[in-house]
Amino acid sequence: NAEAVPEAEKLLKLTLDIGGQTRQVFAGIKAAYAPESLIGKYTVMVANLEPRKMRFGVSEGMVLAAGPGGKDLWILEPHTGAEPGMRVK
């Protein structure tokens, strides 16, 4: 799932399935993505980070993206065949 964080100008709140469990991640990708365009998409995340308490909640990982930032930012997406929870090797 993906939703805007109304109090934050850059953040989206993502709920990511990592294979049998979900993680909440706050990502600074609001300028590049409408929340509804991310629902159901696969992405790559760093899941072995310590949870970080933020003003809006706890972020339990980091989504990987490429680009200089702002509107020019692209989240990494695995190819067809990838399943939730697969490790990056």
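Positions are given from 1 along the sequence.
Placement of L38 and I18 within a single hydrophobic cluster is found when ILVMFWY residues are connected by side-chain heavy-atom separations under 4.5 Å, directly or transitively.
Every pair tested for salt bridge (Lys or Arg N to Asp or Glu O under 4.0 Å) that includes a residue from residues 6-25 fails, sequence neighbours excluded, so the list is empty.
Between the side chain of Y42 and the main chain of H79, no donor-acceptor pair closer than 3.5 Å is present. When atom types are taken as modelled, the side chain of K71 and the backbone of Y33 share no donor-acceptor pair closer than 3.5 angstrom.
In terms of heavy atoms, A4 sits closest to P35 at N-CG, 3.7 Å. Nearest approach of A32 to L73, heavy atoms of both residues: CB-O, 3.6 Å.
Remark: V88 engages V44 in a side chain to side chain contact (heavy atoms under 4.5 Å, CB included) (not counting sequence neighbours).
Taking CD of E3 as the start and CD1 of I39 as the end, the distance is 8.5 Å to the nearest 0.5 Å. Residue L12 holds its CG atom at 5.0 Å from CD1 of I29, rounded to the nearest 0.5 Å.
Checking each of T15, N1, L16 against T22 for a side-chain contact (heavy atoms from CB on, under 4.5 Å) leaves exactly one that passes, namely T15.
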Please table the atom pairs, donor to acceptor, closer than 3.5 Å between any side-chain atom in residues 46-67 and protein atoms at least two apart or in another chain.
from, atom 1, to, atom 2, distance (Å)
S59, OG, F26, N, 3.1
S59, OG, G61, O, 3.4
E60, OE1, Q24, N, 2.8

